[in-house]
Every structure is written in structure tokens, then in C-alpha cells.
2 protein chains.
Amino acid sequence: MSARGRSTSDSVRVTADIVIFTIRDDALQVLLVRRGIPPFEGAWAIPGGFVLPDESLDDAARRELREETGVEDVWLEQLYTFGEPGRDPRGRVITVAYFALISPDRAPPLAGSDAAEASWFPADRTPRPLAFDHEAILATALDRLRGKLTYTSIGFELLPKKFTLSQLQRVHEAILGESLDKRNFRKRIDALGIVRPLDESVSAGAGRPAQLFAFRRPKTGH
Amino acid sequence: MSARGRSTSDSVRVTADIVIFTIRDDALQVLLVRRGIPPFEGAWAIPGGFVLPDESLDDAARRELREETGVEDVWLEQLYTFGEPGRDPRGRVITVAYFALISPDRAPPLAGSDAAEASWFPADRTPRPLAFDHEAILATALDRLRGKLTYTSIGFELLPKKFTLSQLQRVHEAILGESLDKRNFRKRIDALGIVRPLDESVSAGAGRPAQLFAFRRPKTGH
DNA sequence: TAAATAGTGTCTCTTAGACAATATTAT
DNA sequence: ATAATATTGTCTAAGAGACACTATTTA
């Protein structure tokens with residue numbers, strides 16, 4: 001930030017790319033778009049775009065998210081900034097990566113208006129290779145998400161407002177990639193005190209109907 | 001990163017700024033430089049500078065760190081990227097912030113060659129206001145450092161290769177800002193298995209001499 | 001009544017935290 | 001001797017994990 005040091009060229013461009021997660025079919029899935037133009041034409045990529053001259057990084061991420069999915073007011077968090085000189089053949093491009101969590105009831109079945117072609121993929125089974133260094137970005141996002149799941153209540157961002165404890169457990173299992181003990185899981189959620197039972201139940205086909213719960217927002221937001 | 005979206009102006013500039021921590025006088029201290037030119041002339045700022053055209057972000061941070069302090073091969077970690085449009089009156093400047101940890105035996109008493117004027121300050125008692133949004137950057141760095149201290153072995157980065165357990169405890173206390181129980185602290189360090197006793201002792205004036213230990217590097221680096 | 005899902009309690013082990021006395025050195 | 005620092009163990013409480021049966025619904 002200081003004015004000391006040599007001045008850089010003016011040709012640095014900055015993008016905000018967003019790793020958009022949701023839960024579909026009890027699996028953690030990520031939204032990818034197929035590139036219609038070079039470089040990496042035809043390859044799948046993490047959605048994103050250039051930051052506008054008078055736009056904050058967060059605003060750019062929110063805008064791209066809206067353009068890709070139509071959703072607003074979802075969990076959005078800056079992840080990491082990628083800036084290797086050779087990562088974009090068009091020139092110096094620095095990418096501020098974000099990740100977003102969208103509950104399945106808000107996630108569009110397919111892409112929004114912006115993308116030529118977009119699709120959801122299981123987060124650990126995306127097509128390869130992805131464009132640019134997007135596999136590294138995706139891996140970083142997965143690490144962050146898994147890490148935060150254990151010590152925060154971030155899992156609720158991937159569920160509708162009303163949900164069952166079994167649904168919540170399936171979200172955790174999908175993200176962590178391992179099955180959890182039902183009793184221990186419920187005990188832990190109960191101990192956190194972040195869940196409030198509602199006066200409703202839902203039956204999912206056969207089986208005993210499940211009680212619905214709502215997220216009781218704790219102290220911290222971000 | 002996609003080529004969709006409107007193109008941004010070419011005038012975005014990117015800096016790498018580094019929050020450099022060390023331990024001095026049993027306190028966590030941070031290196032600040034006094035700005036010699038506008039904007040914020042005369043104000044204290046976090047050291048940093050523009051990223052060169054063919055330089056990675058990490059390389060830029062390493063270079064700035066070397067220019068400010070002369071040290072290399074210390075803990076250096078990307079922190080967060082700050083990009084509010086109005087944060088630099090000269091135009092659009094995006095700052096990728098890093099934080100570095102330097103052990104007191106390697107930290108220069110004052111600044112290196114690059115800075116007009118540089119000085120160490122207790123991390124929670126810096127001059128105010130700092131230039132730009134550097135108070136927010138510093139606060140973010142402090143949060144990250146405190147958070148990592150509890151679940152990683154990052155404290156060793158702030159000590160020489162040989163150290164006593166009392167020194168290590170003082171580092172933790174200085175960062176967390178609270179005093180710790182000596183027996184519980186040693187128990188926890190022992191349980192981590194990341195420390196190896198040496199065949200040496202040192203006496204610090206009066207009192208029983210203390211055994212020296214060395215850091216036994218665990219599985220993970222970053 | 002069979003199949004599917006929801007819901008519930010105990011025991012054990014590990015971990016975190018409170019807590020005080022002894023050991024070794026310099027002055 | 002006194003002051004200064006280093007070193008060490010127990011008890012308790014809370015949290016994590018293993019583990020199996022009953023309850024309610026649909027087909």
C-alpha cells in the first residue's frame with residue numbers, strides 16, 4: 001500500500017470468482033459454467049468475472065452470484081486470492097475467490113441468465129481439467145468449508161428455513177464424506193443450542209414423520 | 001476469471017502489504033513504517049508495495065518483507081484481500097494482505113534499508129489513525145493469529161530455535177492477552193508432542209536454570 | 001406385517017481446567 | 001536466608017465417541 005516501491009504496470013486485471021455450493025441428491029455439489037470462448041474454450045470453470053471500476057470485491061462477488069443463480073442474501077465469504085503470473089494466458093489476472101452456500105430450495109435447477117451453459121457437479125467429481133487454476137480454487141474452498149463445518153453452524157446455510165435433524169445430518173455427512181452416529185450428532189446439535197423445534201412435522205414417504213426445526217441464530221454472523 | 005462480464009478498467013493496481021509480528025519485551029509487536037509522501041504523509045502504515053508485473057503475490061510479499069526487515073524464510077501467510085473502491089485516494093488499489101512472524105533473534109532492532117522510518121509498536125497500542133484502512137488489516141491479522149494459536153503450533157515461529165517452556169508460555173500469553181496456568185500449559189504442549197528437550201539449560205539471572213527445547217516439526221506446514 | 005424412517009440414553013475415555021508444593025539457582 | 005525462576009501431579013467436569021432398541025408411519 002505504501003507509495004514506496006516500484007510502480008506496477010497498469011494492466012493488472014482483477015476478477016471475483018465464486019465457488020457456489022449446494023446440496024442436491026444428498027451430495028455436496030458445485031456450480032460450474034462451460035466456457036464459450038478462449039482461453040480454455042469448452043472447459044468447465046468456476047463462475048466469475050471482472051471487478052468493475054467502482055465496485056467493491058464483495059459487491060462484485062454478490063453481483064456475479066446474482067447473475068449466475070439469481071439468488072441474493074446467501075452465505076458469501078472471501079476465500080483466498082490467486083495471483084500466479086502465468087495463470088491466465090491473456091495476461092496478468094488476479095482472482096479473488098469467494099465461496100457461497102445456497103440452500104436447495106433456492107438453488108436454480110440450472111443456471112441463470114448469464115451463463116451460456118452451466119451445471120451442478122458433485123464437488124469431488126467435477127470434470128477435469130477445469131479451466132485456469134480452478135481446481136486449486138475448488139480444493140481450497142472444500143478445505144475451508146469442511147474446516148468451518150466442525151466449529152461453526154455453517155451447515156444451516158445449505159438447508160431451507162425449516163428442516164429435520166436427519167436432513168441436517170445428511171448435509172454434514174455429504175460435506176465431510178463420512179457417516180455420523182445419529183445419537184451423537186443430535187446430542188451435539190442440541191448442546192450447541194442453535195436449533196429450535198417447531199410445531200410441525202413432515203413425513204417423507206414411508207417412515208415416522210420427522211419434526212421440523214428452525215435455525216436459532218447464535219451470537220456471531222460471519 | 002471467465003471472459004464473460006464487462007471488462008474492467010486497466011487502472012487497477014495491486015499491492016502486497018505485510019503485517020509483521022514479533023515478540024519484544026514479552027509483548028506482541030508489529031512493524032509500522034512512517035509514510036514520507038502523500039497520501040497520508042506522516043502517518044504510520046503497514047509496510048508493503050506494488051506487485052510487480054511478473055511476480056506472484058507470495059513473491060511480492062516475500063520481497064517486501066526482505067526489503068523491510070532483511071529476513072527470509074519466516075512464516076508468511078496470506079491473510080485477506082482488501083478492495084473497497086475508496087480506500088486509496090490515488091485510485092483503485094487492491095491490497096492482498098499477508099502476515100509474517102519473525103522470531104526476536106532475527107528481527108532487526110529497527111527497519112531495513114527500504115523504509116524512511118520504521119518502528120515496532122505493541123500490536124494493541126499502535127498510533128492512530130493508521131494510513132488507509134490499515135487498522136482493519138491489522139485487526140484482521142490479530143484475529144487470525146489468535147485463532148491459529150489455539151489449534152496450531154504457530155507460536156514457535158516467534159521464538160529462536162532453542163527456547164524454554166517459559167518463553168513459549170510468555171509468547172502465548174502475549175498474543176492471547178491473558179495469563180495461562182503453567183502446569184496446564186506444559187501439559188498441553190507435551191500432549192501435542194511437538195517439542196523435543198535438548199541437553200542444555202540456560203539460567204536467566206536468578207532462579208533455577210531452564211531446560212532448552214527445540215520445535216519438533218509436526219505433520220503439517222502451512 | 002414388513003419396510004422405512006425418526007427418536008432416544010448410558011457408559012467410557014479423553015480433554016480442559018482448577019489448584020500448591022518442591023527444586024535450583026543468584027544475591 | 002531470601003528472592004527469583006523452573007518443574008511437577010491430581011482431581012473434577014465437560015465433551016466425544018461407541019453402542020441398540022423403540023416409535024410411527026406407508027405400502
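The structure displayed is predicted, hence computed values, not measured ones. Order of the sequence lines fixes the chain letters, A, B, ..., with proteins taken first and strands second; residue numbering starts at 1 for each chain.
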Does the pair B/Asp190/B/Lys187 count as a salt bridge with the N-to-O cut at 4.0 Å? no
On a heavy-atom basis, which atom in [X] and which in [Y] lie closest, and how many Å separate them?
X: B/Leu158; Y: B/Phe21; answer: CD2-O, 3.8 Å
X: B/Asp181; Y: B/Gln169; answer: C-NE2, 4.0 Å
X: A/Pro129; Y: A/Glu135; answer: CA-OE2, 2.9 Å
X: B/Gly155; Y: B/His172; answer: CA-NE2, 4.4 Å
X: B/Lys162; Y: B/Gln167; answer: O-OE1, 4.4 Å
X: A/Glu72; Y: A/Arg106; answer: O-NH2, 2.7 Å

On DNA chain C, compare the nucleotides closest to A/Ala204 and B/Ser203; which residue's is nearer the 5' end? A/Ala204
Which angle, to the nearest 10 degrees, lies between the helix axes at the two ends of the helix from C/dT1-D/dA27 to C/dT27-D/dA1, each defined by five pairs? 0°
Expressed in angstrom and rounded to an integer, what is the separation of [X] atom [atom1] from [N] atom [atom2]?
X: B/Phe185; N: D/dT8; atom1: CZ; atom2: P; result: 14 Å
X: B/Asp190; N: D/dT7; atom1: CG; atom2: C1'; result: 13 Å
X: A/Arg208; N: D/dT24; atom1: CZ; atom2: P; result: 6 Å

Counting the atoms with a prime plus P, OP1 and OP2 as sugar-phosphate, which does A/Ser166 contact under 4.0 Å by heavy atoms, base, sugar-phosphate, or nothing? sugar-phosphate
Quickly, which of A/Val74, A/Thr22, A/Leu145 forms a side-chain contact (heavy atoms from CB on, under 4.5 Å) with A/Leu101? Name it, please. A/Leu145
Give me the one residue out of B/Ile94, B/Asp133, B/Thr15, B/Val93 that meets side-chain contact (heavy atoms from CB on, under 4.5 Å) with B/Asp88. B/Val93
Are B/Asp105 and B/Ser103 linked by a side-chain donor-acceptor pair shorter than 3.5 Å? yes
Which is the 5'-most and which the 3'-most nucleotide of DNA chain C that has an atom under 4.0 Å from a heavy atom of chain A? C/dA4 to C/dT10
Per-nt protein contacts along nucleotides 10-19 of chain D (heavy atom under 4.0 Å; B base, S backbone sugar-phosphate only, - none) come out as B------BBB
Side-chain donor/acceptor of B/Lys182 to base of D/dT7, under 3.5 Å: yes
In terms of ring plane angle, is the pair A/Phe156 and A/Phe163 parallel, tilted or perpendicular, where the classes change at 30° and 60°? tilted
